[in-house]
Asks: 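Mind looking over this structure? Questions follow.
For reference, positions follow the sequence shown, starting with 1.
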Amino acid sequence: MLSKIFKKMRSRPAAAKTDILLLGVTLALITFGTVMIYSSSSLLALDKFKDGEFFIKKQFYFLILGMIVMTLASKINYSVWSVLAYPALVTSCILLALLFIPGFGVRAGGATRWLKLGGVTFQVVEVVKVGLVIFLAHYLSEHWKKLENLGAPFFISLAAAGLLAAMIYLQPDYGSATLVVVITILMLFLAGIKIKYVVIMGIIFLPVMAGLLLLKGYRVERLMTFLDPWRDPLKSGFQIIQSFISFGSGGATGVGLGGGMQKLFYLPEAHTDFILAIIAEESGLIGVIMVIALYAILIYRGLAIAYRVDDFFGYLLAAGLTLLLAFGVAINILGVMGIIPLKGMALPFLSYGGTSLIVSMAAVGILLNVSSHCRR
């Protein structure tokens with residue numbers, strides 16, 4: 001395996017240039033996110049840690065690691081990830097299994113989603129999703145001819161995704177488990193299965209996920225809160241109502257950077273999952289539109305890279321990573337706006353947190369390398 005990796009790393013890139021627009025948009029989002037993290041977290045950090053710069057210092061540390069990872073990923077020939085596809089799947093299973101071993105899994109908010117290894121704590125599912133995309137991109141690119149009539153590769157792909165989704169569900173993390181299945185179905189479609197099979201999978205998948213949703217009372221409560229946040233405005237509906245207040249207070253141009261009131265212990269998780277609400281309050285509708293526009297450009301460039309790359313593995317890899325970023329953006333923004341039930345997913349590049357930032361920057365780094373091998 002090592003010989004294959006070194007051989008692919010030595011292979012010469014194509015004449016095309018790295019996608020500068022993708023890089024520029026990513027850096028713009030990170031820069032704006034860093035400013036907003038400081039604005040939304042300084043008072044909380046001062047109250048909780050007696051250091052108003054506590055969160056921003058940690059975010060700078062994550063940012064430095066992310067820049068290193070993104071730079072390395074942009075320099076490594078993307079075909080290397082094809083060789084690492086099976087190890088990526090096995091590693092994903094091992095990491096998820098470690099969550100259930102006492103001393104490794106870190107329980108917070110009623111779920112065990114964080115893994116502590118050698119003093120480093122990270123959110124496993126973020127790594128697992130990228131590992132699954134790498135595996136599917138390799139496996140489906142190798143066996144795409146057998147997908148048209150639903151051959152063995154189709155069921156093996158679903159089985160691999162199903163195993164990961166089941167382990168994620170047991171954390172419990174219903175939303176990420178659902179996302180893993182959706183990404184798998186979309187990648188199968190991109191790999192060439194007929195649309196009728198996608199519809200059939202949807203017909204089977206939706207009732208199953210609906211049943212799992214209704215299985216737990218807290219999920220039903222979250223759904224009822226989504227339908228009517230004001231039924232319990234001081235408990236289950238408090239967070240989303242405060243988010244609505246943030247959006248309403250910002251108006252068209254916002255109250256000014258640092259002038260928001262919701263971060264004064266009104267809006268929980270203001271610097272993490274709900275950072276868009278603070279952006280809406282302090283920079284208004286203009287700021288929100290700017291953020292959405294930047295994300296739209298990023299997703300467009302990712303899909304354009306997938307379209308222009310010549311080999312099937314690169315196509316599926318770029319498309320899969322772009323879909324991961326797109327779903328992360330959509331789920332967070334729509335949840336914070338109250339358009340879909342809250343999931344508790346970080347907003348890529350903007351929210352505070354190391355795992356999401358580093359993994360997202362790694363994904364962009366891979367996309368940048370794929371772009372350097374694309375036809376003009």
Side-chain angles (χ1 to χ4, degrees), residues 28-60 62 108-109 175 221-222 224-295 328-354 356-357:
L29 285 167
I30 292 170
T31 302
F32 187 53
T34 303
V35 172
M36 294 309 303
I37 287 170
Y38 180 63
S39 175
S40 60
S41 68
S42 58
L43 291 174
L44 175 64
L46 187 62
D47 177 73
K48 192 172 182 179
F49 301 103
K50 310 305 178 185
D51 180 4
E53 298 178 350
F54 177 83
F55 291 112
I56 195 63
K57 289 176 183 176
K58 292 191 69 175
Q59 190 68 9
F60 270 120
F62 298 143
E221 178 64 24
R222 185 175 295 178
M224 298 304 295
T225 299
F226 161 67
L227 296 174
D228 183 11
W230 286 271
R231 60 189 289 270
D232 190 2
L234 298 180
K235 291 183 179 180
S236 61
F238 181 80
Q239 191 171 33
I240 189 63
I241 289 175
Q242 296 304 312
S243 180
F244 292 158
I245 293 173
S246 293
F247 278 90
S249 301
T253 58
V255 298
L257 183 63
M261 297 295 294
Q262 290 303 104
K263 63 190 178 187
L264 304 180
F265 311 104
Y266 292 104
L267 177 63
E269 309 298 335
H271 61 303
T272 56
D273 299 347
F274 278 78
I275 195 166
L276 185 69
I278 302 301
I279 292 173
E281 182 181 13
E282 297 191 354
S283 60
L285 178 63
I286 294 175
V288 174
I289 290 176
M290 180 191 73
V291 168
I292 293 175
L294 289 173
Y295 279 126
V329 170
I331 290 171
N332 180 280
I333 290 178
L334 295 178
V336 170
M337 290 183 174
I339 299 174
I340 63 173
L342 290 173
K343 161 62 183 75
M345 184 175 290
L347 186 58
F349 308 111
L350 290 182
S351 292
Y352 169 81
S356 173
L357 178 64

Asks: Rounded to the nearest 0.5 Å, how far does OG1 of T34 lie from CE of M36?
Replies: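 With rounding to 0.5 Å, CE (M36) is 11.5 Å from OG1 (T34).
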Asks: What pairs meet the side-chain hydrogen bond (donor to acceptor under 3.5 Å, both in side chains) rule with one or both residues in residues 239-261, with sequence neighbours excluded?
Replies: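 Of all non-adjacent pairs touching residues 239-261, those that pass side-chain hydrogen bond (donor to acceptor under 3.5 Å, both in side chains) are Q242-Q262.
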Asks: Is a side-chain donor or acceptor of N332 paired with a backbone partner of M345 at a separation under 3.5 angstrom?
Replies: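 Here the side-chain-to-backbone pair exists.
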Asks: Looking at G353 and F62, what are the two nearest heavy atoms and their distance?
Replies: C-CD1, 3.8 Å
Asks: Does any non-hydrogen side-chain atom of S356 lie less than 4.5 Å from one of F349?
Replies: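 A side-chain contact under 4.5 Å is absent here.
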Asks: Counting distance only, does the side-chain N/O of S351 pair as donor-acceptor with the main-chain N or O of A346 below 3.5 Å?
Replies: no
Asks: Closest approach of I240 and G335, non-hydrogen atoms and distance?
Replies: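 Looking at all heavy atoms of both residues, the shortest contact is CD1-O, 3.4 Å.
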Asks: Carefully, step by step, assess V288 and F247 under the rule side-chain contact (heavy atoms from CB on, under 4.5 Å).
Replies: CA-CA 9 Å; V288 174; F247 278 90; 4.3 Å; yes
Asks: Working note: T225 + D232, criterion side-chain contact (heavy atoms from CB on, under 4.5 Å); need CA distance, chi angles, decisive distance, verdict.
Replies: CA-CA 8 Å; T225 299; D232 190 2; 6.0 Å; no
Asks: To the nearest 0.5 Å, how far apart are CG in D273 and NZ in K343?
Replies: 8.5 Å
Asks: State whether the number of non-hydrogen atoms from other residues, nucleotides or ligands found under 6.0 Å of F238 atom CZ is greater than 12.
Replies: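 Yes.
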Asks: Rounded to the nearest 0.5 Å, how far apart are CG of D47 and OG of S41?
Replies: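 Reported to 0.5 Å precision, the distance equals 12.5 Å.
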Asks: Which distance, rounded to the nearest 0.5 Å, do you find between the CD1 of I333 and the CD1 of I279?
Replies: 9.0 Å
Asks: Could you go through K235 and E221, starting from their C-alpha distance and side-chain angles, then the distance that decides it, and tell me whether this counts as salt bridge (Lys or Arg N to Asp or Glu O under 4.0 Å)?
Replies: CA-CA 11 Å; K235 291 183 179 180; E221 178 64 24; over 6 Å; no
Asks: What is the minimum heavy-atom distance between Y38 and G52, and which atoms define it?
Replies: CE1-O, 4.0 Å
Asks: If every non-hydrogen atom of A277 is compared with every non-hydrogen atom of L267, which pair is closest and at what distance?
Replies: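 Closest approach of A277 to L267: CB-CD2, 3.8 Å.
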Asks: Over all heavy atoms of both residues, which pair between A45 and F54 is shortest? Give the atoms and the distance, please.
Replies: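 Looking at all heavy atoms of both residues, the closest pair is CB-CB, 3.9 Å.
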Asks: How many angstroms lie between CD1 in I339 and CD1 in I331, if you round to the nearest 0.5 Å?
Replies: 13.0 Å
Asks: Between E53 and K58, does any NZ, NE, NH1 or NH2 come within less than 4.0 Å of an OD or OE carboxylate oxygen?
Replies: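 Not counted as a salt bridge, because no side-chain N and carboxylate O are separated by less than 4.0 Å.
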Asks: Evaluate L357 against Q59 for side-chain contact (heavy atoms from CB on, under 4.5 Å), listing each step before the verdict.
Replies: CA-CA 9 Å; L357 178 64; Q59 190 68 9; 3.5 Å; yes
Asks: What closest approach, in Å, do V336 and L342 show between heavy atoms, and which atom pair accounts for it?
Replies: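 Minimum heavy-atom separation between V336 and L342: N-CD2, 4.1 Å.
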Asks: Quick one: side-chain hydrogen bond (donor to acceptor under 3.5 Å, both in side chains) pairs with a partner in residues 278-292, sequence neighbours left out?
Replies: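 Checked against side-chain hydrogen bond (donor to acceptor under 3.5 Å, both in side chains) - neighbours excluded - the pairs reaching residues 278-292 are S39-E282, K263-E282.
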Asks: Side chains of L294 and F32: closer than 4.5 Å at any heavy-atom pair?
Replies: no
Asks: Take L347 and Y295 through the test side-chain contact (heavy atoms from CB on, under 4.5 Å) and record every step on the way to the result.
Replies: CA-CA 10 Å; L347 186 58; Y295 279 126; 3.3 Å; yes
Asks: Would you indicate whether F49, at its atom CZ, is surrounded by more than 12 heavy atoms from other residues, nucleotides or ligands within a distance under 6.0 Å?
Replies: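 Enclosed.
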Asks: ring-ring contact (aromatic ring centres under 6.0 Å, His included) with Y352: which residues, sequence neighbours excluded?
Replies: F55, H271
Asks: Would you call D51 and K57 a salt bridge, using N to O less than 4.0 angstrom?
Replies: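 Looking at K57 together with D51, the answer is yes, because their closest N to O distance falls below 4.0 Å.
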